[in-house]
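The next block holds one structure in the form of structure tokens; read it before the comments.
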Amino acid sequence: MSAASRSASLGGRLWRTFMAGAASVLFAFLMLPLLGLLTATGWSDLVSGLRHPLALSALKLSFFTTSVTLALVVGLGTPLAWLLARRAGRIPRTVEALLQLPIVIPPAVAGVAMLLAFGRRGLLGRWIYPEGWSLAFTTAAVIMAETFVSAPFFVQAATSAFRRVGEDYITVARSLGASPARVFLRVALPLAAPGLVSGAAMSWARSLGEFGATLMFAGNLTGKTQTLPLAIYTALESDLRVAQSLSLVLVLAAFTFLLLVRGGTARLSRRGERDDERPERWGDGRDERREGA
């Protein structure tokens, strides 16, 4: 083996060692806190913590508010993402950049902003609220805060998914007589479904873990606005077992949901590949009726 070959082989081994070492350091850093949580919380502690009244009310409220939030985000965000993906120019790019602002601003700032916009003395409060009533510090405020911080994750992922839908598919569907609604429902949605599901999962996970905006806009009222993250924060001051149990529930729920989403995304991708081979499904049947006539 020549000196050049030995040098190249040594350089390749050093590079692979460096890459593996850097990846291992980050992976270990991310996994160690979760491992610490799992090993520190025994089965008896988990059961005891979940029986606490604070835990039960926070669990029910969190899963209710995140479910409503997810429905709102998907129902309103999907049309918005489709419009952004189908439009070009400065205005759509500006709108898309503005929609990403809630991702980068601190959650506490988001909570203050929502309070100043929707609070009793906020930007809209003096016109939309009856005397003595306000959305702030209610369960509806929790849903609003979760929607504000989580919707951009879905819209961003959905916009990217719709942009990956080939223009040829849209053109073929329209040439077969499909209406714009049919193109969206029968072509764009199935092809973009894996990205939409992934975006919905990210949005749901973000709303489940929301803390700062909820605390500032909705408060920390047990049974009314106290979600799982707020209950963990409260429990740390009185009963560590409850905080550990709720933290473990959050981790397990997120991990289970992630596995389900990954499995569902893979199935949707395979189904989309099969549907790509049957473009005749995209028409509205007028071509077939003309042929039969």
> T227 and T66: side-chain contact (heavy atoms from CB on, under 4.5 Å), yes or no, with the steps?
Replying inline: CA-CA 10 Å; T227 57; T66 54; over 6 Å; no

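- Of all the heavy atoms in F154 and S203, the pair that sits closest is CB-CB, 4.0 Å.
- V73 is not connected to V142 by any chain of hydrophobic side-chain contacts under 4.5 Å among Ile, Leu, Val, Met, Phe, Trp and Tyr, and they are in different clusters.
- For the atom pair CG (L258) and OG (S198), the distance works out to 9.0 Å, reported to the nearest 0.5 Å.
- Taking every heavy atom of both residues into account, A231 and Q226 meet most closely at N-CG, 3.8 Å.
- T159 approaches A85 most closely through the heavy-atom pair O-CB, 3.8 Å.
- With a 4.5 Å cut-off between side-chain heavy atoms of Ile, Leu, Val, Met, Phe, Trp and Tyr, the cluster of L116 takes in V112, M216.
- Between the CG atom of L115 and the CZ atom of F217 there is a distance of 6.5 Å, given to the nearest 0.5 Å.
- The heavy-atom pair separating A81 from A158 by the smallest distance is CB-CB, 3.5 Å.
- I91 CD1: 12 or fewer foreign heavy atoms inside a 6.0 Å radius.
- Annotation: salt bridge (charged side-chain N to carboxylate O under 4.0 Å, His left out) contacts involving residues 88-110, sequence neighbours excluded, comprise E96-R163.
- Pairs engaging residues 194-206 under the salt bridge (charged side-chain N to carboxylate O under 4.0 Å, His left out) rule: R206-E210 [sequence neighbours left out].
- In the hydrophobic clustering, V109 connects to no other residue, as no ILVMFWY side-chain heavy atoms lie under 4.5 Å from its own.
- Rounded to the nearest 0.5 angstrom, F211 CZ and L215 CG are separated by 5.0 Å.
- Side chains of T225 and N220: no donor on one and acceptor on the other come within 3.5 Å.
- Of all heavy-atom pairs between L246 and A55, the closest is CD2-CB, 3.6 Å.
- By the salt bridge (Lys or Arg N to Asp or Glu O under 4.0 Å) test, R174 pairs with no residue at all, sequence neighbours left out.
- Here OG1 of T222 is found 9.5 Å from CG of L230. Values are rounded to the nearest 0.5 Å.
- Note: the hydrophobic cluster containing Y233 does not contain L240 (ILVMFWY, side chain heavy atoms under 4.5 Å, direct or indirect links).
- Neither L61 nor F63 shares a network with the other; the hydrophobic side chains, linked directly or stepwise wherever heavy atoms of I, L, V, M, F, W or Y lie under 4.5 Å apart, form separate groups for each.
- The two residues A141 and A136 come nearest to each other via the heavy atoms CB-CA, 4.1 Å.
- Sorted by first and then second residue, the pairs that involve residues 135-149 and meet side chain to side chain donor-acceptor pair (under 3.5 Å), not counting sequence neighbours, are T65-E146, T69-E146.
- T78 places no side-chain N or O within donor-acceptor distance of the main-chain N or O of G75, the cut-off being under 3.5 Å.
- Residue pairs that meet the ring-ring contact (aromatic ring centres under 6.0 Å, His included) test with at least one member in residues 85-110, sequence neighbours left out, do not exist here.
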Donor-acceptor pairs under 3.5 Å, side chain of residues 23-38 to any protein atom, not counting sequence neighbours: which ones?
from : atom 1 : to  : atom 2 : distance (Å)
S24  : OG     : A20 : O      : 2.7

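- Counting Ile, Leu, Val, Met, Phe, Trp and Tyr side chains that sit under 4.5 Å apart, directly or through other members, M19 shares a hydrophobic cluster with W15, F18.
- Contact of the L84 side chain with the V155 side chain is registered, since non-hydrogen atoms from C-beta on lie closer than 4.5 Å.
- When the salt bridge (Lys or Arg N to Asp or Glu O under 4.0 Å) test is applied to E167, the partners found at least two apart in sequence or on another chain are R86.
- Remark: side-chain polar atoms of S57 are paired, donor with acceptor, to backbone N or O of L54 under 3.5 angstrom.
- Rounding to the nearest 0.5 angstrom, the gap separating the CG atom in L59 from the CG atom in L250 is 8.0 Å.
- For residues 73-101, the pairs satisfying ring-ring contact (aromatic ring centres under 6.0 Å, His included) are W82-F162, W82-F184, with sequence neighbours left out.
- Between the CZ atom in F148 and the OG atom in S207 there is a gap of 14.5 Å [rounded to 0.5 Å].
- Under a hydrophobic clustering in which Ile, Leu, Val, Met, Phe, Trp and Tyr are joined whenever their side-chain heavy atoms come within less than 4.5 Å, directly or via other members, L196 and L76 fall into different clusters.
- Placement of L135 and V149 within a single hydrophobic cluster is found when ILVMFWY residues are connected by side-chain heavy-atom separations under 4.5 Å, directly or transitively.
- The closest donor-acceptor contact from the side chain of S62 to the backbone of L228 lies under 3.5 Å.
- Grouping Ile, Leu, Val, Met, Phe, Trp and Tyr residues whose side-chain heavy atoms lie under 4.5 Å apart, directly or via other members, places L72 in a hydrophobic cluster with F64, V68, I143.
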